[in-house]
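Excluded from the calculations below are hydrogen atoms, water molecules and symmetry mates; all remaining heavy atoms, backbone and side chain alike, are included. Quick note: residue numbers are just sequence positions, from 1.
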Amino acid sequence: MSVTSPRQTVLNPAIPYAGTILGGLHPGDMVLIQGAVLSDADRFQVDFMCGSSTKPRADVAFHFNPRFKRSPCVVCNSLQQERWGKEEILYDLPLQKGENFETIILVEGDMFKVALNGKHLLQYNYRVDLKKVDTLGISGKVKIEAIAFVSSSTSSPPASALPSKDTHVKEVFCETGDLSLPYRASLVNGVAPGQSITIKGQVSAYPHSFSINLRSGESSDIALHLNPRLRASVFVRNSFLQECWGPEENSLPTFPFSAGEYFEMIIFCEPQQFKVAVNGVHLLDYKHRVQDLSRIDQLEIMGDLQLLDVKLVK
């Protein structure tokens, strides 16, 4: 993919993919997606989403869905409050199973414009406020080699251009906005069911491991220790209680982290367990070993990564 100064790139992502669009989308931006349709494909989809929640499902501002069965077509739509709107269908799909492709989505003031392999394909008028779009999702029978986000300005977006706060979000990092490592922040009144912590970062180019700890400030106890070990491709979970590590949990079907790659982790607290998702995909459950959740009042992050954003959603 030949792009001049993209502000964000993603190479060879695992599918399904869901990743935060750093800085959001603005008129004049372009999103370039290069990949190949699988030979047994029935469909794939590209979704510009308002978050990465799965329950309830996040709104989808633009659903771009090539379909290959029966009469090949492209279906476009929007999902709002878990309800799909009226489909817009283009019965002209200049793409075959097994073919490589390059899609360019141009963001304009009132619409998305889509080009496929250098030719204009369709346009889709906004039904959802562009300012709410902060996540790109790709799923289905497709292999993606590269994604590039190109700003209307050639300069990189400032850190302040990260997805904005809303009335339900409380930033947990200190007032100076210091995201240097080791990172530590207080969780006022501890954690509680229904709360989630979102951590956005980029793994170092030559990583060994990093750790995310939810701990008690009044002792050395660690209620939840999340420790991706890049060299071994193992994601360790454990608790350190009364000066002793407990039984380690490390089994997972896939390992979601790669050297040099961006990630978004969501830790959701339920009454009986923590649920952890990475890049929009639920990954694991971890039963509470500390029952008094109000004791868990500190977040600690350290290791081989660059920390980009931390938020506590209540």
Requested in this report: Output yes when a side-chain donor or acceptor of Glu261 lies under 3.5 Å from a complementary backbone atom of Val10, and no otherwise.
Outcome: no
Query - Side chain to side chain, Leu283 and Pro253, heavy atoms closer than 4.5 Å - result: no
**Report entry** Asn117 side-chain N/O to Glu102 backbone N/O, donor-acceptor pair under 3.5 Å
**Finding:** yes
Report summary line: d(Arg237 CZ, Glu249 CD) to nearest 0.5 Å is 5.5 Å
Report summary line: Of all heavy-atom pairs linking Leu181 and Ile301, the shortest is CD2-O, 3.5 Å
Query raised in the report: Are a donor atom and an acceptor atom from the side chains of Asn238 and His225 found within less than 3.5 Å of each other?
Result: no
Query - Within one Ile-Leu-Val-Met-Phe-Trp-Tyr cluster: Leu226 and Leu187, side-chain cutoff 4.5 Å - result: yes
Query raised in the report: Measuring from Leu32:CG to Ile105:CD1, what's the distance to the nearest 0.5 Å?
Result: 8.0 Å
**Report entry** ILVMFWY cluster, Ile15 and Leu95 together (side-chain gap under 4.5 Å)
**Finding:** yes
Query raised in the report: What distance do Leu22 atom CG and Phe149 atom CZ have between them, rounded to the nearest 0.5 Å?
Result: 8.0 Å
Query raised in the report: Just wondering, do Val114 and Phe64 contact through their side chains at under 4.5 Å, heavy atoms?
Result: yes
Query - Ser294 and Asp292 side chains, donor-acceptor separation under 3.5 Å - result: yes
Query - Test item: Glu87 side-chain N/O and Val75 main-chain N/O as donor-acceptor pair under 3.5 Å - result: no
Report task. Check for a donor-acceptor pair, side chain of Gln298 on one end and backbone N or O of Gly217 on the other, with a separation under 3.5 Å. Result -> no
**Report entry** Lys132 atom NZ, over 12 foreign heavy atoms within 6.0 Å
**Finding:** no
Query - Non-hydrogen side-chain atoms of Val74 and Tyr91 separated by less than 4.5 Å - result: no
Query raised in the report: Minimum heavy-atom separation for Val128 to Cys50, with atom names?
Result: CG1-SG, 3.8 Å
Query raised in the report: Is there a side-chain contact between Pro256 and Val281, using heavy atoms and a 4.5 Å cut-off?
Result: no
Query - Heavy-atom side-chain proximity of Phe62 to Cys76 below 4.5 angstrom - result: yes
Query raised in the report: Going through the checks in order, is the side chain to side chain contact (heavy atoms under 4.5 Å, CB included) test met by Val37 and Glu99?
Result: CA-CA 6 Å; Val37 182; Glu99 285 188 350; 5.5 Å; no
Requested in this report: With rounding to the nearest 0.5 Å, note down the distance linking CD1 in Ile147 to CD1 in Ile33.
Outcome: 6.0 Å
**Report entry** Electrostatic pair Arg184-Glu300, nearest N-O below 4.0 angstrom
**Finding:** yes
Query raised in the report: Got Pro16 and Ile138 here, is their nearest side-chain heavy-atom distance under 4.5 Å?
Result: no
Query - Step-by-step side chain to side chain contact (heavy atoms under 4.5 Å, CB included) determination, Val236 to Arg229 - result: CA-CA 7 Å; Val236 172; Arg229 300 176 184 178; 3.6 Å; yes
Report task. Determine the minimum heavy-atom distance between Met30 and Leu106, stating which atoms define it. Result -> CG-CD1, 3.6 Å
Query raised in the report: Applying the 4.5 Å side-chain criterion to the ILVMFWY set and letting contacts propagate, would Val133 and Met49 be lumped into a single cluster?
Result: no
Query raised in the report: Val31 versus Leu25: any side-chain heavy-atom pair under 4.5 Å?
Result: yes
Report summary line: For Ser219, the side chain to side chain contact (heavy atoms under 4.5 Å, CB included) test, sequence neighbours excluded, returns Ser216, Asp221, Arg295
Query raised in the report: More than 12 heavy atoms of other residues, nucleotides or ligands under 6.0 Å from NZ of Lys143: is that the case?
Result: no
Requested in this report: Might you work through the salt bridge (Lys or Arg N to Asp or Glu O under 4.0 Å) test for Lys97 and Asp40, ending with a clear yes or no?
Outcome: CA-CA 7 Å; Lys97 297 179 184 180; Asp40 63 342; over 6 Å; no
Query - Glu270/Lys287 ion pair, N-O < 4.0 Å - result: no
Query raised in the report: Backbone N or O of Phe268 within a donor-acceptor pair of the Ser196 side chain at under 3.5 Å?
Result: no
Query raised in the report: Just by distance, with hydrogens left out, do Glu243 and Ser220 show a side-chain donor and acceptor under 3.5 Å apart?
Result: yes
Report task. Taking Asp59 for its side chain and Gln81 for its backbone only, find out whether a donor-acceptor pair lies under 3.5 Å. Result -> yes
Report task. Over all heavy atoms of both residues, which pair between Ile212 and Met265 is shortest? Give the atoms and the distance, please. Result -> CD1-SD, 3.6 Å
Query raised in the report: When clusters are formed by joining ILVMFWY residues with side-chain heavy atoms under 4.5 Å apart, either directly or through shared neighbours, do Val310 and Ile296 land in the same one?
Result: yes
Query raised in the report: Are Phe255 and Leu230 side-chain neighbours, meaning at least one heavy-atom pair lies under 4.5 Å?
Result: yes
Requested in this report: Establish whether Met111 and Leu79 are linked, either directly or via other cluster members, by ILVMFWY side-chain heavy-atom contacts under 4.5 Å.
Outcome: no
Query raised in the report: Are Tyr124 and Phe112 close enough that their ring centers fall under 6.0 Å?
Result: no
Query raised in the report: Between Ser53 (side chain) and Pro56 (backbone), is there a donor-acceptor pair under 3.5 Å?
Result: yes
Query raised in the report: So which heavy atom on Gly85 is nearest to which on Asn77, and how close?
Result: O-ND2, 2.9 Å
Report task. Only one of Asp285, Val278, Leu284 passes side-chain contact (heavy atoms from CB on, under 4.5 Å) with His282; say which it is. Result -> Asp285
Query raised in the report: Strictly under 6.0 Å, is that where the ring centroids of Phe274 and His288 end up?
Result: yes
Query raised in the report: Taking atom CZ of Phe235 and atom OG1 of Thr254, what is their separation to the nearest 0.5 Å?
Result: 11.0 Å
Query - Audit row: His208, Asp304, side-chain hydrogen bond (donor to acceptor under 3.5 Å, both in side chains) steps and yes/no - result: CA-CA 7 Å; His208 180 272; Asp304 300 323; 5.0 Å; no
Query raised in the report: How about Phe263 and Phe257: are their ring centroids closer than 6.0 Å?
Result: yes
Report task. Grab the two heavy atoms, one from Ser52 and one from Ile266, that are nearest each other, plus how far apart they are. Result -> OG-CD1, 3.7 Å
**Report entry** Test of ring centre spacing under 6.0 Å for Tyr126 and Phe48
**Finding:** no
Query - Derivation and outcome, side chain to side chain contact (heavy atoms under 4.5 Å, CB included), residues Arg215 and Phe240 - result: CA-CA 9 Å; Arg215 59 189 311 156; Phe240 184 79; 5.9 Å; no
Report task. To the nearest 0.5 Å, tell me how far Ser71 OG sits from Asp92 CG. Result -> 12.0 Å
Report task. Could you tell me whether the side chain of Asp134 and the main chain of Gly51 form a donor-acceptor pair under 3.5 Å? Result -> yes
Requested in this report: Examine the side chains of Asn65 and Gln45 and answer whether a donor and an acceptor come within less than 3.5 Å of each other.
Outcome: no
Query raised in the report: Checking side chain to side chain contact (heavy atoms under 4.5 Å, CB included) for the pair Leu179/Leu308: CA distance, chi angles, key distance, verdict?
Result: CA-CA 7 Å; Leu179 294 173; Leu308 301 174; 5.6 Å; no
